[in-house]
Amino acid sequence: MENSRTTVDKATDKFLRSLRERNVSPHTIKAYSGDLANFSSYIGSRKWREIDHITIRGFLSHLYEKGLGKTSVARSLAAVRSLYRWLAQEGVVEQNPAALVSTPKLAKKLPRVPTVEEMNSVLDGEMPEIASFPERDRLMLELLYGCGIRNSELVGINVDDVRLSTEAVLIRGKGKKERYVPFGDAVKSALAAYLSVRQMTLSESHKNTPALLINQRGGRLTTRSVGRIIKKIAVAKGLSPDVHPHTLRHAFGTHMLEEGADLRAIQEMLGHERLSTTQRYTQLSMKHLLSVYDQTHPRAK
């Protein structure tokens with residue numbers, strides 16, 4: 001069986017193994033695995049020296065013909081580029097033909113971020129009636145918007161990660177990277193209200209878990225549940241049904257920037273590895289700056 005596996009197949013296996021060893025996110029590995037399987041079946045039994053940038057362009061055309069959108073094709077190209085970078089490091093190939101292929105131009109689609117007023121309307125006042133566990137749900141919203149954390153990071157928080165004395169929470173981010181994120185009074189009071197109810201829920205369900213956020217059966221909350229709850233509450237409070245946990249992270253970054261926070265500090269809090277990722281927020285707040293400029297600069301009127 002091993003002999004029927006192509007050069008690209010074998011290299012892909014080793015490449016994915018090296019990603020796992022580097023603690024790359026399972027989502028990334030899964031995406032690369034699918035994209036590289038497509039690449040491998042397109043390339044067939046060709047050897048590395050028989051693959052050039054024209055071959056790779058052919059692969060992208062083949063994906064378009066299969067009905068894939070620009071975003072998926074761009075991701076496939078990124079996977080092939082990463083594979084080649086690794087092959088070069090391993091000394092298998094000398095150049096990266098995928099580097100000569102330009103990435104499909106993607107429309108810069110930035111999510112519409114709820115305004116500060118909209119966020120306040122969601123967080124102020126009572127939780128809507130549909131909130132089955134109002135103290136927990138308020139804390140979830142406050143943590144997502146107040147700390148700008150990812151959904152996966154939110155469900156990973158344990159009670160011991162919350163440092164009340166320093167008003168910071170330990171977050172385990174992508175690739176097992178840890179960071180401390182500060183929180184304010186809103187999170188603090190939501191925590192105080194929730195912790196006693198959490199204790200009651202656990203004793204009633206005869207469960208014990210280190211998880212901060214639990215379901216009514218006393219188990220750790222899942223990312224899927226978080227997404228469902230956030231959407232339900234947002235819609236009940238008059239926000240768009242497009243709202244998901246990541247929207248609140250975007251709102252955090254954008255509102256911090258609009259209020260004059262330093263880009264590096266925001267990068268640190270969001271746990272972005274590259275500043276260029278954080279700079280997407282400057283595009284969002286640029287709109288805000290332009291409207292402020294138009295309204296306030298004497299020469300703009």
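Just so you know, residue 1 is the first one in the sequence shown, and it goes up from there. No hydrogens, no waters, no symmetry mates; every other heavy atom, side chains included, goes into these values.
Taken together through direct or relayed side-chain contacts under 4.5 Å among Ile, Leu, Val, Met, Phe, Trp and Tyr, L77 and W86 form part of one hydrophobic cluster. In the hydrophobic clustering of this structure, I56 groups with V92; members are Ile, Leu, Val, Met, Phe, Trp, Tyr whose side-chain heavy atoms approach within less than 4.5 Å, directly or through other members. Hydrophobic clustering (ILVMFWY, side-chain heavy atoms < 4.5 Å, transitive): L164 and I171 are in one cluster. Both F252 and L275 are members of a single hydrophobic cluster when ILVMFWY side chains are connected at heavy-atom separations under 4.5 Å. Linking Ile, Leu, Val, Met, Phe, Trp and Tyr residues whenever their side-chain heavy atoms come within less than 4.5 Å leaves V159 and L170 in two separate clusters.
Counted by atom type alone, T6 and D9 present one or more donor-acceptor pairs between their side chains at under 3.5 Å. Side-chain atoms of R85 and S82 include a donor-acceptor pair closer than 3.5 Å.
In E50, the CD atom is crowded: over 12 heavy atoms of neighbouring residues, nucleotides or ligands sit closer than 6.0 Å. Other residues, nucleotides and ligands place no more than 12 heavy atoms under 6.0 Å from the NZ atom of K174. Under a cut-off of 6.0 angstrom, the local environment of CD in E126 is sparse, with at most 12 non-hydrogen atoms contributed by other residues, nucleotides or ligands. Under a cut-off of 6.0 angstrom, the local environment of CD in E273 is sparse, with at most 12 non-hydrogen atoms contributed by other residues, nucleotides or ligands. Other residues, nucleotides and ligands contribute over 12 non-hydrogen atoms within 6.0 Å of the NZ atom of K207. With a 6.0 Å radius and a threshold of 12 heavy atoms from other residues, nucleotides or ligands, D262 has its CG atom above the threshold.
With I230 as the partner, the side chain to side chain contact (heavy atoms under 4.5 Å, CB included) test is satisfied by one option alone out of V243, L154, T247: V243.
In this structure, R264 and Q267 have side chains that are in contact, with non-hydrogen atoms separated by less than 4.5 Å. Side-chain contact between R20 and I29 is present, with heavy atoms from C-beta onward closer than 4.5 Å. Contact of the S25 side chain with the K30 side chain is not registered, since no non-hydrogen atoms from C-beta on lie closer than 4.5 Å. In this structure, L191 and F183 have side chains that are in contact, with non-hydrogen atoms separated by less than 4.5 Å. Two residues are said to be in side-chain contact when any heavy atoms from C-beta on lie closer than 4.5 Å; V226 and T222 fail this criterion. Residues R136 and I214 fail the side-chain proximity criterion, which asks for heavy atoms closer than 4.5 Å. Counting heavy atoms from C-beta on, the side chains of T55 and R46 come closer than 4.5 Å.
Residues I266 and G253 approach most closely at CD1-O, 3.9 Å, considering heavy atoms. I233 and A131 make their closest contact through CD1-CB, 4.3 Å (heavy atoms, listed as atom of the first residue, atom of the second, distance). Considering every non-hydrogen atom in both L68 and Y64, the closest pair reads O-CD2, 3.7 Å. Listed here is the closest heavy atom pair of T7 and K47: OG1-CD, 3.4 Å. Across all their heavy atoms, V73 and P104 have their closest contact at CG1-CG, 3.9 Å. Across all non-hydrogen atoms, the minimal contact from L87 to A11 is CD2-CB, 4.0 Å.
Judged by distance alone, with hydrogens and angles left aside, the side-chain atoms of N120 form no donor-acceptor pair with the main-chain N or O of E117 at under 3.5 Å. Remark: side-chain polar atoms of S189 are paired, donor with acceptor, to backbone N or O of D185 under 3.5 angstrom. In this structure, the side chain of R81 engages the main chain of V101 through a donor-acceptor pair within 3.5 Å. Checking side-chain atoms of N158 against main-chain N and O of D160 turns up no donor-acceptor pair under 3.5 Å. A donor-acceptor pair is defined here as one N or O able to donate and one able to accept, closer than 3.5 Å; such a pair exists between the side chain of T201 and the backbone of V197. Looking only at distances, no side-chain donor or acceptor of E259 sits under 3.5 Å from a matching main-chain atom of M256. One N or O on the side chain of T254 and one on the backbone of H250 form a donor-acceptor pair closer than 3.5 Å. A distance-only check finds no donor-acceptor pair linking the side chain of K232 to the backbone of G227 [under 3.5 Å]. Formation of a donor-acceptor pair under 3.5 Å by the R249 side chain with backbone atoms of L270 is found in this model. Of the possible polar contacts, one joining the Q216 side chain to the S132 backbone as a donor-acceptor pair under 3.5 Å is found.
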> Between V8 and W48, does a side chain to side chain contact (heavy atoms under 4.5 Å, CB included) hold up when you go through it step by step?
Replying inline: CA-CA 8 Å; V8 178; W48 296 120; 3.9 Å; yes

> Given the rule in the side chain to side chain contact (heavy atoms under 4.5 Å, CB included) test, do L195 and L212 qualify, once you have shown the distances and angles that lead to the verdict?
Replying inline: CA-CA 8 Å; L195 285 172; L212 174 66; 4.0 Å; yes

>> Is there a salt bridge (Lys or Arg N to Asp or Glu O under 4.0 Å) between D13 and R5? Walk through the geometry before answering.
In response: CA-CA 11 Å; D13 287 350; R5 309 205 62 231; 2.5 Å; yes

>> Please determine whether side chain to side chain donor-acceptor pair (under 3.5 Å) holds for the pair Y180 and R163, giving the CA-CA distance in whole Å, both sets of side-chain angles, and the decisive distance to 0.1 Å.
In response: CA-CA 9 Å; Y180 275 101; R163 313 280 190 267; 3.0 Å; yes

>> Is there a side chain to side chain contact (heavy atoms under 4.5 Å, CB included) between F59 and I43? Walk through the geometry before answering.
In response: CA-CA 8 Å; F59 167 59; I43 294 300; 5.6 Å; no

> Could you walk me through whether R17 and K14 pass the side chain to side chain contact (heavy atoms under 4.5 Å, CB included) check?
Replying inline: CA-CA 5 Å; R17 198 176 311 133; K14 287 183 186 162; 4.2 Å; yes

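How far CD of E118 is from OG of S240: 9.0 Å, rounded to the nearest 0.5 Å. Here the OH-CG distance, from Y42 to N38, works out to 12.5 Å after rounding to the nearest 0.5 Å. L213 CG to R198 CZ: the interatomic distance, rounded to the nearest 0.5 Å, is 9.0 Å. Between atom CZ of residue R217 and atom OG1 of residue T209 there is a gap of 12.5 Å, rounded to the nearest 0.5 Å. Of the inter-residue distances, the one linking E135 atom CD with R138 atom CZ reads 9.5 Å to the nearest 0.5 angstrom. Note that the OG atom of S41 and the CG atom of L36 stand 11.0 Å from one another [nearest 0.5 Å].
Ion pairing of D161 with R172 is present here, as a side-chain N (NZ or NE/NH1/NH2) and a carboxylate O approach within less than 4.0 Å.
Ring pair F39/Y84 is perpendicular by interplanar angle, where above 60° counts as perpendicular and below 30° as parallel.
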Name the atoms and distances for all side-chain donor-acceptor pairs under 3.5 Å in residues 139-151, with sequence neighbours left out.
residue: Y145; atom: OH; partner: H255; partner atom: ND1; Å: 2.8
residue: R150; atom: NH1; partner: E153; partner atom: OE2; Å: 2.5
residue: N151; atom: ND2; partner: T223; partner atom: O; Å: 3.1

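Not counting sequence neighbours, E268 has no partner by the side chain to side chain donor-acceptor pair (under 3.5 Å) test. By the ring-ring contact (aromatic ring centres under 6.0 Å, His included) test, F133 is found to be paired with Y194, residues two or more places apart in sequence or in another chain being considered.
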